[in-house]
Student: 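Have a look at this one.
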Amino acid sequence: MGMVYIGWGDEDEKVEDFTPQPFPLIEETAAPNPTRLWGHRIRRSPFPTNAPWLNFVLNNGNCHENFHPFLVKSDKGLLTICYPGKASQRAFIYQPFVADLSLRLQEGCETHVVSAFDDLSVTLDFGQRMTVPLVKGSPYITVICHYGTPVFSTIHAVLDFWSNSEKTKHRIKLNNGQVWVIYSSAPLELSRELAATAEFQGVLRMTTIPGDNRETESVLDRFSTCFPTGGTMEFLKPPQVKYTWKTAGWGELLMVCLPLHQGIMSHHYDNPVKTIPILQFHSLDGDLKGVLGDTWVLCASPIPVHWYSSTGIGDPEARAHLKETLKRDVAALNTITNPSTYFHGKALARAARLALIAEELQLVQTVYEVQEFLHKSLTPWFDGTFPGNAILYDQKWGGLISRNGSRDIGADFGLGNYNDHHYHMGYFVYAGAVLAKLDPQWGQQYKPHLYALIADYMSLNGSKFFPRLRCFDAFVLHSWAGGLVEFADGRNQESTSEAIHAYYAAALAGLAYKDRSLVDTGLTLAALESHSAQSLWHIPRGSVLYDPEFVDENRVVSVLWSTKRDSGLWFAGAERRDCRLGIQVLPITPVTEFIFTDKHFARELVNWAMPSLTRSDVTDGWRGFVYALQAIYEPQEALSKILRLNEHDDGNTLSNLLWWIYTR
């Protein structure tokens, strides 16, 4: 049995916590084997299974990825760049890939390998001839040419071509309206066919001039000599993070930031960034604007950690009603037999919610009853005695998967293929955190199990067993649920609320174990995920982020892809607005109120979803989430509707809905 560095310690000192990795080992057969596209220095477990550039190492590695503002594709030594437009309908928006500008070497190049990566970048090596550091938010694509003869091409017709006298800047005007510029660190003689006339050694930087604007072009000219080679995200005092870009060349670093960065970017004296509004690139996530500086500090709205509601329940009638309902719900708890890690985890968290509500109401005996239920229901997963499934450590990719998922790629929603890890593990962590709070002795006995579950999806420093921040994308500030599957639209995520819940659950575990660093990490990630949910998934009327026809039809994005916004869910069509709302709300906990802080938007969302509740295929379980949001602005009306429900979602109860309404 190995030892795993979980990656949390005291606030002022990095303390290595060598907690045993307690789950049995397995080398799964359901997921594919790592390809040879992983460079030899990094071709070892644990792998970053949900990284935003994962297409480069899956199958043949020739599916494009999004680096904001450019899409980049690599295929058999040919590097192709796209400055994408958008195709928009009422049901979806997507960015088609077009081969706007391509680069190869006349002598030929080996297929790329990923040689390095960090929080904000990935580096492709093309044999010994060419290295490409692809950094999120760079307004240029940079190529380090070690030796070879560059040949450029485009799918479009070239209308005009110009080079400066030094042969270090080349301007290409295309018949699609785009103007591309190629900068070179040394003289580069290009023919009218865009082929170099001699071998070149140095740095090439490629960009497009949005709108063919001369002022924009002068900005790109001025800052073309300093380029990023990587970037990291450092956790500061919650909920702040700091980007630090690694650079080469000379001069100041020019990057571009999304609206979700612009709204929370700090401009204090110790974070000397300067915005350049005239430099603006379009993207599906909003217009990117120029930023000077090699460090950014971002500060999201804080999410305080609570076991209970922030208001309490003062009304005597409400307390009495909730107590009576709670006792009935606890008495109705049945043995959980569902072998699915997702649905079993939801049922565990559902019971844990009842325990916390009982604590808030000071129902000591009821708390004890739920505590015993959690003992009997959660412990077998940690002891390996649950008959229907098991949590195992996968040595091939480096992570916790299920026994069923290790054999069947479709089992447990693809958990063995590294889909939805934060969702599944987050439910187990929530239940475990609550039980560790109620029974500290149990908590100490199974601390290694809980910490391993947390490390699987949010290890802060990475370790021998788990990659750093498996699911979280540091640049777009949200998680990706899609795992080891090549998608033309990149990674994807459906439920933001379950992602936020996973990080909130980790913070609660930190509270239970008095681990301040874990609390801070969980709350920071929850705050950033919530910020992105509000910025990208929530669509208030009048939103200018997305195209008008899409905004008119949708109040939420159902599945957000790297280069697509979809109104359809994985499990339901766009017409099921009840599901589309509910999947962005569940599970209801004290953190839910920090996701839906805008009462006006909550009303818009409910009004949008309400007509679908009359459909014959809609269940009361989904209706409950619509009414829960209605309680934000009309608690009495929502209460009357909730009391008429005959059933609830498998992760929800009438007690939890009443708790939510009575604490509004």
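Only heavy atoms go into these numbers, but all of them, side chains included; no hydrogens, no water, no symmetry mates. Fair warning: this is a prediction, and the values are worked out from it, not measured in the lab.
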Student: Checking Arg565 against Trp561: charged group under 6.0 Å from the ring centre and within 45 degrees of the axis?
Tutor: no

Student: Can Asp287 and Gln280 be counted as having a side-chain donor-acceptor contact under 3.5 angstrom?
Tutor: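 Short answer, yes.
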
Student: I'd like to know if the side chain of Tyr83 and the backbone of His282 have a donor-acceptor N/O pair within less than 3.5 Å.
Tutor: yes

Student: Let me see the working for Tyr513 and Tyr451 under ring pair (Phe, Tyr, Trp, His ring centres under 6.0 Å), right down to the final yes or no.
Tutor: CA-CA 10 Å; Tyr513 290 110; Tyr451 269 57; 5.5 Å; yes

Student: Hey, which of Tyr546, Phe601, Trp608 is the one that makes ring pair (Phe, Tyr, Trp, His ring centres under 6.0 Å) with His538?
Tutor: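 It is Phe601; the other options fail the test.
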
Student: Hey, are the side chains of Val135 and Met255 touching, using non-hydrogen atoms and a 4.5 Å cut-off?
Tutor: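 Heavy-atom side-chain distance check passes, below 4.5 Å.
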
Student: Using the test salt bridge (charged side-chain N to carboxylate O under 4.0 Å, His left out), find all partners of Lys246 that sit at least two apart in sequence or belong to another chain.
Tutor: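 Checked Lys246 against salt bridge (charged side-chain N to carboxylate O under 4.0 Å, His left out); matches are Asp118.
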
Student: So, Trp480 and Asn50: side-chain donor and acceptor under 3.5 Å apart, yes or no?
Tutor: no

Student: State whether Glu553 and Arg577 are salt-bridged, where the test is any N-O pair (Lys NZ or Arg NE/NH1/NH2 against Asp/Glu carboxylate O) under 4.0 Å.
Tutor: yes

Student: Assess whether ring pair (Phe, Tyr, Trp, His ring centres under 6.0 Å) is satisfied between Phe281 and His68, documenting all intermediate values.
Tutor: CA-CA 9 Å; Phe281 290 84; His68 292 91; over 10 Å; no

Student: Parallel, tilted or perpendicular: which fits the ring planes of His344 and Phe428, with parallel below 30° and perpendicular above 60°?
Tutor: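 Geometry flag for Phe428 against His344: parallel rings.
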
Student: Do you see a donor-acceptor pair shorter than 3.5 Å between the side chains of Glu498 and Gln493?
Tutor: no

Student: Less than 4.5 Å apart, any side-chain heavy atom of Asn554 and any of Val551?
Tutor: no

Student: Do Phe625 and Asn652 make a side-chain contact, defined as non-hydrogen atoms from C-beta onward lying under 4.5 Å apart?
Tutor: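 SC-SC contact between Phe625 and Asn652 confirmed.
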
Student: Quick check: do Met458 and Phe466 have side-chain heavy atoms less than 4.5 Å from each other?
Tutor: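 The answer is no; the side chains never approach within 4.5 Å.
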
Student: Is a side-chain donor-acceptor pair under 3.5 Å present for Ser88 with Glu549?
Tutor: yes

Student: So which pairs with a foot in residues 537-547 pass salt bridge (charged side-chain N to carboxylate O under 4.0 Å, His left out), sequence neighbours left out?
Tutor: Lys86-Asp547

Student: Can you say whether the rings of Trp537 and His478 are parallel (under 30°), tilted (30 to 60°) or perpendicular (over 60°)?
Tutor: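 Judged by the thresholds at 30° and 60°, the geometry between Trp537 and His478 is perpendicular.
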
Student: Which heavy atom in Tyr503 sits nearest to a heavy atom in Ser479, and how many Å separate them?
Tutor: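 Closest approach of Tyr503 to Ser479: OH-OG, 2.7 Å.
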
Student: Is it the case that Arg555 and Asn607 place a side-chain donor and acceptor less than 3.5 Å from each other?
Tutor: no

Student: Does a side-chain heavy-atom distance below 4.5 Å link Ile401 with His421?
Tutor: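 Heavy-atom side-chain distance check passes, below 4.5 Å.
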
Student: Could you tell me whether the side chain of His422 reaches within less than 4.5 Å of the side chain of Phe472, counting heavy atoms only?
Tutor: no

Student: How close do Ile632 and Ala602 get, heavy atom to heavy atom, and via which atoms?
Tutor: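 Here Ile632 and Ala602 meet closest at CD1-CB, 4.1 Å.
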
